[in-house]
Amino acid sequence: MRPRTRLPRALQGQVFHVQSGAARGVSDKRMRGRDLQRPFHGVRVDGPLDTLRDRCAALSKVLGPQHFFSHVTAAELWRMPLPTRSGDLHVTAVGGRGKIRRPGVVGWERVDGEMPTFELAGVPVLGPADVWCQLSTQLSREWLVAVGDFLISGERTDLGRRPPLCTAEQLAEAVGRHGTRRGSKALRWALGMLRHPVDSPRESLLRLALIAGGLPEPEVQLEVETAAGVRHGDLGYRDAKLIIEYQGDEHRVSRARWLQDLTRVQLLEDAGYRVILVGADDLRDGARALIARIRRILASDD
């Protein structure tokens with residue numbers, strides 16, 4: 001078997017359009033080689049195609065200037081927390097022309113209105129505030145709040161909090177651009193429920209569950225002066241000296257996080273606060289048992 005002809009250096013390990021390959025002397029037969037991936041018609045990839053960014057980079061080779069990634073695809077590119085992931089790529093065309101129709105792609109159109117876009121990882125992406133508005137037709141109201149909290153709080157990492165992707169004012173402006181389109185009612189409700197700083201979507205969902213259960217709204221990231229300095233509780237009622245901490249899987253699987261949690265809870269309790277640890281099971285069935293427990297504690301403090 002004859003060895004495959006090597007691609008020109010400029011195309012090695014790259015995503016390229018077949019026209020670009022032909023212009024560099026690559027034959028049709030070579031571009032049909034089994035070592036090249038063909039994720040979309042007219043596109044070849046010399047290398048892995050494992051991540052969402054890889055797939056977006058591949059599709060971008062056949063997009064026009066009126067196209068940009070949107071909806072849940074843009075949300076994932078901006079690292080927004082979502083309850084589920086989409087296998088298809090979502091692309092919007094502005095100006096009422098060029099709605100994309102390809103396998104594995106969900107095409108959208110936007111005839112009117114300003115749609116601010118950015119270049120992110122080399123591909124055109126709708127701005128985070130307008131993506132949030134688009135999610136109003138794909139997420140529950142509660143998850144819409146959780147994503148909005150993330151946007152105005154900034155992602156929490158082991159090295160600290162990243163800068164927020166947008167402000168509450170920018171989200172309000174985007175809601176204005178969204179107008180009366182589908183999802184506008186959910187957006188207006190969610191806009192009034194946003195809080196910051198919030199560390200995780202589950203904290204947002206927990207806060208909303210407590211409010212829906214008739215409890216007073218808890219304070220987010222309740223600041224407590226401890227023997228080792230200021231520490232923060234996820235949610236809390238200052239007057240009742242009660243803190244509610246959501247414990248996700250990362251608290252269980254990370255030994256370092258687990259040890260930090262033990263120390264923090266001890267410091268909060270030594271400062272006179274009662275700490276309730278909450279997991280995913282506590283949020284089921286509307287968190288009725290948890291709400292009843294918190295209600296009893298608040299009532300005993302009166």
Side-chain angles (χ1 to χ4, degrees), residues 51-57 59-60 63 65-86 88-94 105-110 112-157 159-179 181-205 207-208 220:
T51 68
L52 175 68
R53 291 176 184 270
D54 293 338
R55 294 168 57 218
C56 289
L59 183 61
S60 68
L63 297 183
Q66 76 275 25
H67 294 124
F68 51 82
F69 292 98
S70 60
H71 296 80
V72 292
T73 301
E76 290 186 50
L77 289 171
W78 286 113
R79 298 173 57 87
M80 299 181 197
L82 298 174
T84 58
R85 302 292 175 178
S86 172
D88 293 331
L89 299 181
H90 290 249
V91 176
T92 293
V94 295
V105 180
V106 178
W108 302 80
E109 283 184 310
R110 181 69 177 263
D112 61 335
E114 179 187 359
M115 299 292 281
T117 60
F118 298 79
E119 184 174 297
L120 188 64
V123 299
V125 183
L126 183 63
D130 290 275
V131 171
W132 184 69
C133 291
Q134 291 181 334
L135 295 178
S136 63
T137 64
Q138 300 173 297
L139 300 179
S140 68
R141 296 194 315 173
E142 291 75 17
W143 265 99
L144 199 58
V145 172
V147 174
D149 284 350
F150 167 85
L151 290 174
I152 65 175
S153 296
E155 182 180 10
R156 183 68 178 268
T157 72
L159 300 177
R161 193 181 298 278
R162 298 180 190 273
L165 289 175
C166 53
T167 64
E169 291 74 20
Q170 289 170 327
L171 290 180
E173 291 171 1
V175 171
R177 288 193 292 271
H178 190 81
R181 293 179 175 86
R182 191 161 67 96
S184 58
K185 185 176 180 180
L187 284 170
R188 290 194 297 272
W189 178 85
L191 197 61
M193 300 301 293
L194 300 183
R195 301 292 182 266
H196 70 91
V198 176
D199 283 351
S200 76
R202 295 295 171 182
E203 291 176 28
S204 300
L205 299 178
R207 182 181 84 247
L208 295 175
V220 300

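Counting begins at 1 with the first residue of the sequence.
Around CZ of R182, the count of heavy atoms belonging to other residues, nucleotides or ligands within 6.0 Å does not exceed 12. Remark: R79 CZ is loosely packed, at most 12 non-hydrogen atoms of other residues, nucleotides or ligands lying under 6.0 Å away.
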Please report the C-alpha distance between D149 and E203 in whole Å, then the side-chain angles of each, then the deciding distance to 0.1 Å, and finally whether the side chain to side chain contact (heavy atoms under 4.5 Å, CB included) criterion is met.
CA-CA 10 Å; D149 284 350; E203 291 176 28; over 6 Å; no
- Message: Show, in sequence, the C-alpha distance, side-chain angles and deciding distance for S153 and D199, and conclude whether the side chain to side chain contact (heavy atoms under 4.5 Å, CB included) test is met.
- Response: CA-CA 8 Å; S153 296; D199 283 351; over 6 Å; no
| said: Pair Q134, M115 - check side chain to side chain contact (heavy atoms under 4.5 Å, CB included), show working. | reply: CA-CA 11 Å; Q134 291 181 334; M115 299 292 281; 3.9 Å; yes
Side chain to side chain contact (heavy atoms under 4.5 Å, CB included) evaluation trace for R162 with T157: CA-CA 7 Å; R162 298 180 190 273; T157 72; 3.6 Å; yes
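Here the CG atom belonging to L52 is positioned 4.5 Å from the CG atom belonging to L77, to the nearest 0.5 angstrom. Remark: L187 CG to C133 SG distance equals 5.0 Å, nearest 0.5 Å. For the atom pair OG1 of T84 and CG of L139, the computed distance is 7.5 Å after rounding to the nearest 0.5 Å. Note that the OG atom of S204 and the CE atom of M193 stand 10.0 Å from one another [nearest 0.5 Å]. In this structure, OG1 on T167 lies 10.5 Å from CG on L151, to the nearest 0.5 angstrom. If you take CG on L208 and CZ on R141, they are separated by 9.0 Å, rounding to the nearest 0.5 Å.
Between H71 and W108, the ring planes are parallel. Angles under 30° get that label, and only those over 60° would be called perpendicular.
The side chain to side chain donor-acceptor pair (under 3.5 Å) contacts involving residues 183-197 comprise R195-E217, where partners must be two or more places apart or lie in separate chains. Under the side chain to side chain donor-acceptor pair (under 3.5 Å) criterion, the residue pairs touching residues 117-132 are D130-R177, with sequence neighbours excluded.
Closest non-hydrogen pair, H178 versus G183, comes out as NE2-C, 4.3 Å. Nearest heavy atom pair, residue A75 against residue L82, reads CB-CD1, 4.0 Å. Between M80 and F150, the closest heavy-atom pair is CA-CE2, 3.7 Å. When all heavy atoms of S70 and V91 are compared, the closest pair comes out as OG-C, 3.8 Å. Nearest heavy atoms, V94 versus F68: CG1-CE2, 3.2 Å. The nearest pair of heavy atoms linking L89 to C56 is CD2-SG, 4.0 Å.
When each of T92, L120, L63 is checked for a side-chain contact (heavy atoms from CB on, under 4.5 Å) with F69, only L63 meets the rule.
At distances below 3.5 Å, not a single donor-acceptor pair connects side-chain atoms of Q138 with backbone N or O atoms of L135. Counting only distance, with no hydrogens or angles, the side chain of R156 and the backbone of P197 share no donor-acceptor pair below 3.5 Å. In this structure a side-chain-to-backbone donor-acceptor pair under 3.5 Å is missing from W143 to P201.
Take R53 and apply the salt bridge (charged side-chain N to carboxylate O under 4.0 Å, His left out) test, not counting sequence neighbours, and it matches no residue.
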